[in-house]
**Student:** 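Just passing along the structure, written as structure tokens.
Numbered from 1 within each chain, the chains take letters A, B, ... in sequence-line order.
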Amino acid sequence: MKPVVTRFPPSPTGFLHIGGARTALFNWLYARKTGGKFILRIEDTDEDRSTKESVDAILESLEWLGIDWDEGPYFQTQRKEIHDRYIEKLVKDGHAYYCACTPEEVNDMREQARTRGLKPMYNGRCRKRGLSNAPGTVVRLKTPGSGATVVQDIVKGDTAFQNAEIDDFIIRRSDGSAMYNLAVVVDDLTMGVNVIIRGDDHLINTPKQILIYQALGADLPVFGHVPMVLGPDKARLSKRHGAMSVSEYRDMGYLPDAVINYLVRLGWSHGDQEFFTRKELIEKFDLNHLGRSAGMFDIGRMTALNAKHIQAKPAAELVSPLLPHLKTLGIEAADDLFTRQVVETLQPRSRTLKDMAAAARFYYVDAPEMDEKAVAKFLTPEVCDMLNQAADAIDAVSEYTQPALEEVFKKIMADFNLGFGKIAQPLRVAVTGTTVSPGIFEMLLVLGKDRTVQRIRRAARLA
RNA sequence: GGUCCCAUCGUCUAGUGGUUAGGACGCCGGCCUCUCACGCCGGUAACCCGGGUUCGAAUCCCGGUGGGAUCACCA
């Protein structure tokens, strides 16, 4: 058994988007699962649109997702000599030829075919002219013209394309650069890529690529064309659907593990299982359970998964990814015990790290901002004495622990003849400024005795 | 328009000839409870349509409809 070699070949014309991340993921997972190799190759032959910034952004997003590569990044533009060598071999072997037809002439051919109700194609005029390489000529592949080329696809099954539908397409431009189909095949071939998982928008290119493999006398890789990711309007996901770059989700407070989990699950299944750790994904991913139909990107589902991943992780692992979100709110927190405890109290009630940062705010500010409605409702004159007594009693405990606090509250409940809820809620508002927070004990304990007492006294003055 | 792909609850999906069509997100109830969550329990909701094949089709075949992709000296 030859080891599996997969690859991800983004064009650096923008950020890494959700759809691209998903195909990268499928290839990466399969390589990792089988102990094979995963190659990163930048397809930058469209020099007008390719930018260095895009390359950097893509690499950064892949790294953030935890998708690492064993080889590369290779750059297609740096492989011109290799492409040339193969193109020349194709010409020498009679599988390709030089063509001097101008774009205008080819357009005319297409137009004529169209008016006669035929498929617009290049008519193969230069095929037998025996032209040699001259400025302005392109190289075309000699295609069969009859019969069929079958794509054996592991997700779509066998798909036959009539060769009569495929004209002698260009493999090298007049400026000497290789066309996409030639470049991919040569790169994949020379890099030893033997499993290709990509979007099904490439399915139609595949017969052309197979023709090149065959002309080169090479073995075919395994193809798997996965369906596209759709936006909420069921149209292919694009910029106008709003956020779709991986880095935006990072900024919105999603965990890489959650993004990965969601993306893989969108188009692949393992029975009824929804939640996967990264390790499980590598263990369980396979090519047999890739779905054939397009899936809609549903941020709600990803958010739900994110909440589960936040809950499942040890608090310590959440601290450093949380820090930037706190900083956005103007909070300079440190990766310390305090923040770890803050995180622990917020884990079950945060769907994103952004939510968590917002909910954590009261822990860090000197005086929490008091919500007017909460103050009006709970910090009434009647609770003033109760608050003062609570502050004094808490201040007086020798050990600031949950049992000690429970004792304090018990006494207050008896002294003022109030239920627990009647004292907890005013205290919550006193300490956090709002009616929503983690459990009263865990929160007070994390906040610390001094700040707790100080905040209750301040609230008593407001009451 | 030609070619190709696809079609199970609103969404993601399980299902490969015999199931009360299962799970998850969402939504709606309830329980738990110091708030909000978490968690737990229950409910809502689907096999695109029409023909076949078969004792029996969500599952197989054909046709339709709908959606998507692609038709470059872009990738």
Side-chain angles (χ1 to χ4, degrees), chain A residues 9-13 43-50 76 99 101-103 106-107 110 114 117-121 136-140 151 153 155-157 159-162 164-167 169-181 183-184 199-207 225 227-228 230 232 234-236 262 265-275 289 291-305 307-308 311 346-351 355 359 374 378 409 419-429 432 434-441 443:
Chain A
S11 344
T13 54
E43 310 220 320
D44 56 348
T45 44
D46 183 355
E47 295 189 38
D48 295 340
R49 295 191 299 149
S50 299
Q76 207 158 51
C99 165
C101 297
T102 64
V106 175
N107 276 339
R110 293 208 172 96
R114 217 189 312 266
L118 300 171
K119 189 182 168 81
M121 299 200 307
T137 60
V138 300
V139 178
R140 289 180 183 272
V151 179
D153 192 284
V155 355
K156 305 281 188 186
T159 304
F161 292 84
Q162 293 306 311
E165 298 280 334
I166 303 170
D167 66 1
F169 58 93
I170 295 175
I171 56 178
R172 185 166 72 188
R173 301 184 185 89
S174 53
D175 70 0
S177 60
M179 284 284 283
Y180 170 71
N181 283 312
V184 223
D200 68 6
D201 50 334
H202 284 282
L203 186 56
I204 291 195
N205 283 322
T206 310
H225 289 91
M228 312 260 73
L230 272 25
K234 297 216 176 200
R236 184 184 183 170
Y262 174 69
R265 207 38 203 76
L266 178 60
W268 174 81
S269 62
H270 187 260
D272 281 339
Q273 190 173 349
E274 301 285 349
F275 181 92
H289 295 85
R292 323 143 154 280
S293 54
M296 218 170 84
F297 182 75
D298 180 351
I299 193 156
R301 291 175 55 78
M302 188 163 87
T303 308
L305 235 21
K308 290 210 189 295
Q311 281 184 64
L346 263 12
Q347 268 175 295
R349 58 201 98 224
S350 305
R351 293 168 78 75
D355 288 352
F378 293 105
F409 291 171
F420 187 72
K422 291 290 181 195
I423 68 168
Q425 207 52 358
L427 281 170
R428 169 169 287 112
V429 175
T432 69
T434 72
T435 54
V436 175
S437 86
I440 199 89
F441 292 111
M443 169 181 81

**Student:** Tell which nucleotide pairs with B:A24, taking only Watson-Crick or G-U wobble pairs whose two distances are both under 3.5 angstrom.
**Tutor:** B:U11
**Student:** What is the pairing partner of B:G39, taking Watson-Crick or G-U wobble pairs with both distances under 3.5 Å in any strand?
**Tutor:** B:C31
**Student:** Measure NE2/A:H225 against P/B:C6 and give the value in whole Å, please.
**Tutor:** 12 Å
**Student:** Using whole Å, what does the distance between atom C1' of nucleotide B:G23 and atom CD of A:E274 come to?
**Tutor:** 7 Å
**Student:** Okay, side chain of A:D44, backbone of A:Q76: is any donor-acceptor separation there less than 3.5 Å?
**Tutor:** yes
**Student:** In this structure, how many angstroms lie between the C1' atom of B:U70 and the CG atom of A:D167, rounded?
**Tutor:** 14 Å
**Student:** Verify side chain to side chain contact (heavy atoms under 4.5 Å, CB included) between A:V155 and A:H225, making sure each step is shown before the conclusion.
**Tutor:** CA-CA 6 Å; A:V155 355; A:H225 289 91; 5.6 Å; no
**Student:** Give one of base, sugar-phosphate or nothing for A:G199, where a contact means two heavy atoms less than 4.0 Å apart.
**Tutor:** nothing
**Student:** Would you classify A:T435 as touching base, sugar-phosphate or nothing, given that sugar-phosphate means primed atoms plus P, OP1 and OP2, and contacts are heavy atoms under 4.0 Å?
**Tutor:** base
**Student:** Take A:M228 and A:M296, find for each the nucleotide of RNA chain B with the closest heavy atom, and name the residue whose nucleotide sits nearer the 5' end.
**Tutor:** A:M296
**Student:** Taking the side chain as every heavy atom from C-beta outward, state whether A:D167 and A:K119 have any atom pair closer than 4.5 Å.
**Tutor:** no
**Student:** Look at the side-chain N and O atoms of A:R428 and state whether any lies under 4.0 Å from the OP1 or OP2 oxygen of B:U33.
**Tutor:** no
**Student:** Just call it for A:G300: base, sugar-phosphate, or nothing, with non-hydrogen atoms closer than 4.0 Å on any strand.
**Tutor:** sugar-phosphate
**Student:** Say you pick atom C1' in B:G39 and the same atom in B:C32; how far apart are they, in whole Å?
**Tutor:** 8 Å
**Student:** Please report the distance separating the C1' of B:C61 from the corresponding atom of B:G67, rounded so that it comes out in whole Å.
**Tutor:** 23 Å
**Student:** Does A:M302 or A:F420 map to a spot on RNA chain B nearer the 5' end, using the closest nucleotide for each?
**Tutor:** A:M302
**Student:** Nearest to the side chain of A:V436 - B:C25, B:U35, B:C34?
**Tutor:** B:U35
**Student:** So, A:R173 side chain and A:A178 main chain: donor-acceptor pair closer than 3.5 Å or not?
**Tutor:** yes
**Student:** When the C1' atoms of B:G23 and B:G52 are considered, how many whole Å apart are they?
**Tutor:** 33 Å
**Student:** Would you measure the distance from the P atom in B:C73 across to the matching atom in B:G63 and give it in whole Å?
**Tutor:** 33 Å
**Student:** Mind calculating the distance between CG (A:D298) and P (B:U13) to the nearest angstrom?
**Tutor:** 11 Å
**Student:** Under 3.5 Å, is there any donor-acceptor pair linking the side chain of A:E165 to the base of B:G2?
**Tutor:** no
**Student:** Using purine N1 to pyrimidine N3 plus N6-O4 or O6-N4 for Watson-Crick, or N1-O2 and O6-N3 for G-U wobble, each under 3.5 Å, what pairs with B:A46?
**Tutor:** none
**Student:** Using a 4.0 Å heavy-atom cut-off across all strands, classify A:F161 as base, sugar-phosphate, or nothing.
**Tutor:** sugar-phosphate
**Student:** Would you say a side-chain N or O of A:S269 is under 4.0 Å from OP1 or OP2 of B:A14?
**Tutor:** yes
**Student:** Could you measure between the two P atoms, the one in B:C6 and the one in B:A46, and give it in whole Å?
**Tutor:** 26 Å
**Student:** Under 4.0 Å between any heavy atoms, over every strand shown, what does A:L203 touch: base, sugar-phosphate, or nothing? Just pick one.
**Tutor:** sugar-phosphate
**Student:** Between B:G29 and B:C36, how many Å separate the two P atoms, rounded to a whole number?
**Tutor:** 14 Å
**Student:** For A:I299 and B:C12, what is the distance between atoms CD1 and C1' respectively, to the nearest whole Å?
**Tutor:** 15 Å
**Student:** Which heavy-atom pair separates A:E43 from A:V184 by the least distance, and what is that distance?
**Tutor:** OE2-CG1, 4.0 Å
**Student:** Check every strand shown and say whether A:Q311 touches a base, only sugar-phosphate, or nothing at a heavy-atom separation below 4.0 Å.
**Tutor:** sugar-phosphate
**Student:** Restricting to side-chain contact (heavy atoms from CB on, under 4.5 Å), what partner residues turn up for A:I299, sequence neighbours left out?
**Tutor:** A:Y249, A:Y254, A:F297, A:T303
**Student:** Need the pair for B:U70. Rule: Watson-Crick or G-U wobble, both distances under 3.5 Å, any strand; none if unpaired.
**Tutor:** B:G2
**Student:** Given 3.5 Å as the limit, does a donor-acceptor pair link the side chain of A:S11 with the main chain of A:T13, or not?
**Tutor:** no
**Student:** Would you tabulate the nitrogen or oxygen pairs shorter than 3.5 Å linking the protein to nucleotides 71-75 of chain B?
**Tutor:**
unit_1: B:C73; atom_1: O2; unit_2: A:S174; atom_2: N; d: 3.0
unit_1: B:C73; atom_1: O2; unit_2: A:S174; atom_2: OG; d: 2.9
unit_1: B:C73; atom_1: N3; unit_2: A:S174; atom_2: OG; d: 3.0
unit_1: B:C74; atom_1: OP2; unit_2: A:R173; atom_2: NE; d: 2.0
unit_1: B:C74; atom_1: OP2; unit_2: A:R173; atom_2: NH2; d: 2.9
unit_1: B:C74; atom_1: O3'; unit_2: A:R173; atom_2: NH2; d: 2.9
unit_1: B:C74; atom_1: O2'; unit_2: A:D46; atom_2: OD2; d: 2.7
unit_1: B:A75; atom_1: OP1; unit_2: A:T45; atom_2: OG1; d: 3.3
unit_1: B:A75; atom_1: OP1; unit_2: A:R173; atom_2: NH2; d: 2.3
unit_1: B:A75; atom_1: OP2; unit_2: A:R173; atom_2: NH2; d: 2.8
unit_1: B:A75; atom_1: OP2; unit_2: A:Y180; atom_2: N; d: 3.3
unit_1: B:A75; atom_1: O3'; unit_2: A:E43; atom_2: OE1; d: 3.4
unit_1: B:A75; atom_1: O2'; unit_2: A:S11; atom_2: OG; d: 2.6
unit_1: B:A75; atom_1: N6; unit_2: A:N205; atom_2: OD1; d: 3.2
unit_1: B:A75; atom_1: N6; unit_2: A:N205; atom_2: ND2; d: 3.3
unit_1: B:A75; atom_1: N1; unit_2: A:N205; atom_2: ND2; d: 3.1

**Student:** May I ask you to say whether A:E274 pairs ionically with A:R301, meaning some side-chain N is under 4.0 Å from a carboxylate O?
**Tutor:** yes
**Student:** Check the phosphate of B:C36 against A:R349, side-chain N and O only, distance under 4.0 Å to OP1 or OP2. Yes or no?
**Tutor:** no
**Student:** Suppose you measure atom P in B:U8 against the same atom in B:G15; what distance do you get, rounded to whole Å?
**Tutor:** 14 Å
**Student:** With distance as the sole test, does A:R428 use its side chain to make a donor-acceptor pair with the main-chain N or O of A:P438 at under 3.5 Å?
**Tutor:** yes
**Student:** So what does A:S293 hit on the nucleic acid, given a heavy-atom distance under 4.0 Å: a base, only sugar-phosphate, or nothing?
**Tutor:** sugar-phosphate
**Student:** Do A:R301 side-chain and B:A24 base share a donor-acceptor contact under 3.5 Å?
**Tutor:** yes
**Student:** Rounded to whole angstroms, how far apart are CH2 on A:W268 and C1' on B:A14?
**Tutor:** 13 Å
**Student:** Does B:C55 pair with anything, Watson-Crick or G-U wobble, both distances under 3.5 Å, and if so, with which nucleotide?
**Tutor:** B:G18
**Student:** Could you tell me whether the side chain of A:Q425 and the main chain of A:L427 form a donor-acceptor pair under 3.5 Å?
**Tutor:** no
**Student:** Rounded to whole angstroms, how far apart are CZ on A:F297 and P on B:U11?
**Tutor:** 16 Å
**Student:** Rounded off to whole Å, could you give me the CG-to-P distance for the A:L266 and B:C25 pair?
**Tutor:** 16 Å
**Student:** Pick the P atom in B:U44 and in B:C60, then give their distance to the nearest Å.
**Tutor:** 29 Å
